[in-house]
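Here the structure comes first, spelled out in structure tokens, and everything after it is commentary.
In this text, all values refer to a predicted model and were calculated from it rather than measured experimentally.
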Amino acid sequence: MEKLQFIVLTLVTILSIFSDQILVQSQVSLEYVRPPPRRIITTPHDRPEAHPQQVHISLVGKDHMRVSWVTTDKNAPSTVEYGKLPGKYDMSMTGEHTTYRYFFYKSGKIHHVKIGPLEPGMTYYYCCGGAEKEFSFKTPPSKFPIEFAVAGDLGQTEWTASTLLHINKTDYDVLLLPGDLSYADTQQPLWDTFGRFVEPYASRRPWMVTQGNHEVEAFPIIHAHPFVAYNSRWIMPSDESGSSSNLYYSFDVAGVHIIMLGSYTDFDANSAQYKWLQADLAKVNRQKTPWLVVLLHAPWYNTNTAHQGEGESMRTAMEHLFYNARVDIVFAGHVHSYERFTRVYNNEANPCGPVYVTIGDGGNREGLAMM
């Protein structure tokens with residue numbers, strides 16, 4: 001099987017999964033001092049109203065990219081001009097836009113434009129909505145080797161900034177985020193500051209995300225519809241993967257099939273998500289995509305007291321699907337720590353089960369899990 005590398009980013013180290021060697025330091029007694037949370041970074045909007053802000057990109061199908069951004073000017077066009085040379089755009093696409101309200105908050109104009117077809121491993125230069133500011137991105141390769149950065153529960157603090165600086169030191173191809181993005185928690189302007197905060201990174205490499213509990217943002221009766229901000233701002237390739245919900249989807253990149261699941265939508269055997277997952281796994285061609293990876297928010301295996309047992313119902317409902325499909329690795333967030341399990345199935349070590357990794361310490365305002 002081809003080698004696949006994940007750069008798993010924590011607050012204190014960088015770990016490589018499936019590495020050839022593990023170095024263990026023994027006979028050293030060091031008392032670990034848990035770093036405290038750090039302050040939230042509020043990234044201001046300092047551009048003209050028609051200029052794009054909160055620019056981020058995501059994969060759509062095998063050779064397309066979705067470019068998303070926000071403008072405060074409601075008349076700004078939803079167009080992207082792009083090309084292979086700086087300042088020379090020989091291609092242009094027009095997309096769609098949306099807005100949403102959350103109590104007294106009114107979002108800016110949120111643009112989503114699908115561009116392509118694009119060549120693999122190629123740098124493209126682009127501008128959004130006719131503005132002069134130029135961005136660039138590199139498309140992932142079409143075959144191995146490929147490198148993913150994985151970080152969950154980001155937020156927008158000084159610790160988050162440290163995590164993103166670590167990410168930026170690697171020439172990763174795609175970032176995978178297993179839920180809890182902005183930590184807006186109903187304070188909608190924090191979605192805007194988060195988008196501006198991550199733009200230098202999310203505008204140059206595709207960010208593929210799934211939702212966490214901090215994206216729900218629903219109240220009984222007075223605001224009963226969950227995920228309004230998340231679904232408006234972070235559109236993922238659900239349609240292209242046959243999913244009826246932006247909360248769960250899949251995509252192929254190089255030789256990897258990646259499934260993003262929703263921990264906070266129905267997942268029992270009668271649910272749309274369960275039936276979609278069953279059908280999606282049945283279509284996986286291990287000759288084409290020998291690696292099978294899943295991301296979700298609430299971990300199914302967790303030895304921390306924090307959030308203990310919160311993923312158990314989903315595990316009971318879906319774990320046999322993972323096992324029968326021979327999923328290789330499962331990444332989760334939610335618990336603000338790093339933890340890696342051996343291959344496991346039904347609470348026992350099993351060489352045919354997936355490796356489970358918790359990577360929920362991206363830097364959010366709540367700090368690290370206590371135990």
Side-chain angles (χ1 to χ4, degrees), residues 37 39-45 49 53-54 56 68-74 96-112 152-157 160 177-198 209-236 238-239 243-249 260-268 270-274 276 296-298 306-314 317 333-336 360 362 364-367:
R39 69 176 184 89
I40 293 176
I41 297 175
T42 303
T43 308
H45 176 37
E49 288 190 349
Q53 55 163 307
Q54 308 177 47
H56 62 269
S68 302
W69 74 96
V70 177
T71 58
T72 52
D73 182 355
K74 300 301 188 292
E96 58 187 14
H97 66 269
T98 187
T99 61
Y100 73 92
R101 287 186 178 274
Y102 191 92
F103 293 105
F104 301 109
Y105 173 87
K106 179 69 160 53
S107 76
K109 187 175 182 180
I110 305 170
H111 308 261
H112 301 286
D153 299 66
L154 275 183
Q156 45 192 310
T157 73
T160 315
L177 203 168
D180 283 358
L181 284 69
S182 70
Y183 280 75
D185 292 321
T186 75
Q187 300 178 62
Q188 296 304 298
L190 287 178
W191 275 107
D192 295 311
T193 59
F194 175 78
R196 294 191 288 265
F197 180 69
V198 302
V209 307
T210 189
Q211 89 289 168
N213 56 299
H214 288 273
E215 275 75 66
V216 177
E217 297 186 310
F219 291 98
I221 302 176
I222 58 175
H223 190 88
H225 299 290
F227 306 111
V228 172
Y230 173 81
N231 284 334
S232 298
R233 296 170 183 271
W234 291 82
I235 295 181
M236 294 290 116
S238 55
D239 290 344
S243 168
S244 60
S245 172
N246 191 51
L247 304 180
Y248 50 89
Y249 63 95
M260 298 287 210
L261 294 181
S263 294
Y264 302 96
T265 188
D266 291 343
F267 47 70
D268 62 66
N270 295 317
S271 68
Q273 180 174 206
Y274 183 99
W276 170 83
L296 46 83
H297 188 62
H307 301 301
Q308 183 59 234
E310 291 184 18
E312 182 63 13
S313 296
M314 192 178 190
H334 200 39
V335 178
H336 299 168
N364 64 82
R365 58 176 169 74
E366 294 178 346

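- Remark: Asp153 pairs with no residue by the salt bridge (charged side-chain N to carboxylate O under 4.0 Å, His left out) rule, at least two apart or across chains.
- The side chain to side chain contact (heavy atoms under 4.5 Å, CB included) check on Phe103 picks up Phe219, Ile222, His223, with sequence neighbours excluded.
- Atom OH of Tyr102 is separated from atom NE2 of His225 by 12.0 Å, given to the nearest 0.5 angstrom.
- Judged purely by atom type and a 3.5 angstrom limit, Gln211 uses its side chain to pair as donor or acceptor with the backbone of Leu247.
- With sequence neighbours excluded, the residues forming a ring-ring contact (aromatic ring centres under 6.0 Å, His included) with His214 are Tyr183, listed by chain and number.
- The minimum heavy-atom distance between Ala298 and Tyr264, with the atom names listed, is CB-OH, 4.0 Å.
- Looking only at distances, a side-chain donor or acceptor of His112 sits under 3.5 Å from a matching main-chain atom of Ser232.
- Atoms OG1 and CG, on Thr43 and Asp192 in that order, are 11.0 Å from each other to the nearest 0.5 Å.
- The ring-ring contact (aromatic ring centres under 6.0 Å, His included) search around Tyr248 returns Trp276, not counting sequence neighbours.
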**OP:** Take Ser182 and Phe197 through the side chain to side chain contact (heavy atoms under 4.5 Å, CB included) test and state the conclusion after the steps.
**Re:** CA-CA 10 Å; Ser182 70; Phe197 180 69; over 6 Å; no

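- For the ring-ring contact (aromatic ring centres under 6.0 Å, His included) test, no residue two or more places apart in sequence or in another chain qualifies with His45.
- A side-chain donor-acceptor contact under 3.5 Å links Arg196 to the backbone of Pro44.
- The CD atom of Glu366 lies 11.0 Å from the OG1 atom of Thr157; values are rounded to the nearest 0.5 Å.
- Residues in residues 211-229 take part in no salt bridge (charged side-chain N to carboxylate O under 4.0 Å, His left out) pair, two or more places apart or across chains.
- Residues forming a side chain to side chain contact (heavy atoms under 4.5 Å, CB included) with Ser271 (at least two apart in sequence, or on another chain): Asp266, Asp268, Gln273, Tyr274.
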**OP:** Step by step, work out the side chain to side chain contact (heavy atoms under 4.5 Å, CB included) result for Asn364 and Asp180.
**Re:** CA-CA 9 Å; Asn364 64 82; Asp180 283 358; over 6 Å; no

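- In this model, a donor atom of one side chain and an acceptor atom of the other lie less than 3.5 Å apart for Gln156 and Thr193.
- A pairwise comparison of heavy atoms in Gly152 and Pro178 identifies CA-CD, 3.7 Å as the closest pair.
- Applying the side chain to side chain contact (heavy atoms under 4.5 Å, CB included) rule to Glu312 yields the partners Arg315, Thr316; only residues at least two apart in sequence or on another chain are considered.
- Note: Thr72 OG1 to Lys106 NZ = 11.5 Å, rounded to the nearest 0.5 Å.
- Considering only residues two or more places apart in sequence or on other chains, Asn246 meets the side chain to side chain contact (heavy atoms under 4.5 Å, CB included) condition with Tyr230, Asn231, Ile235, Met236, Ser238.
- Shortest non-hydrogen contact noted between Ser244 and Ala272 is OG-CB, 4.5 Å.
- His56 meets the ring-ring contact (aromatic ring centres under 6.0 Å, His included) test with Trp234; sequence neighbours excluded.
- In this structure, Met314 CE and Leu261 CG are separated by 4.5 Å, a value rounded to the nearest 0.5 Å.
- Residues passing the salt bridge (charged side-chain N to carboxylate O under 4.0 Å, His left out) test with Asp185, sequence neighbours excluded: Arg365.
- Judged as a salt bridge (charged side-chain N to carboxylate O under 4.0 Å, His left out), and not counting sequence neighbours, Arg101 has no contacts.
- With Leu177 as the fixed residue, the side chain to side chain contact (heavy atoms under 4.5 Å, CB included) test singles out one of Thr210, Val198, Leu154: Leu154.
- Residues His334 and Glu310 come closest through the heavy atom pair NE2-OE1, 2.6 Å.
- Lys109 NZ to Thr98 OG1: the interatomic distance, rounded to the nearest 0.5 Å, is 11.0 Å.
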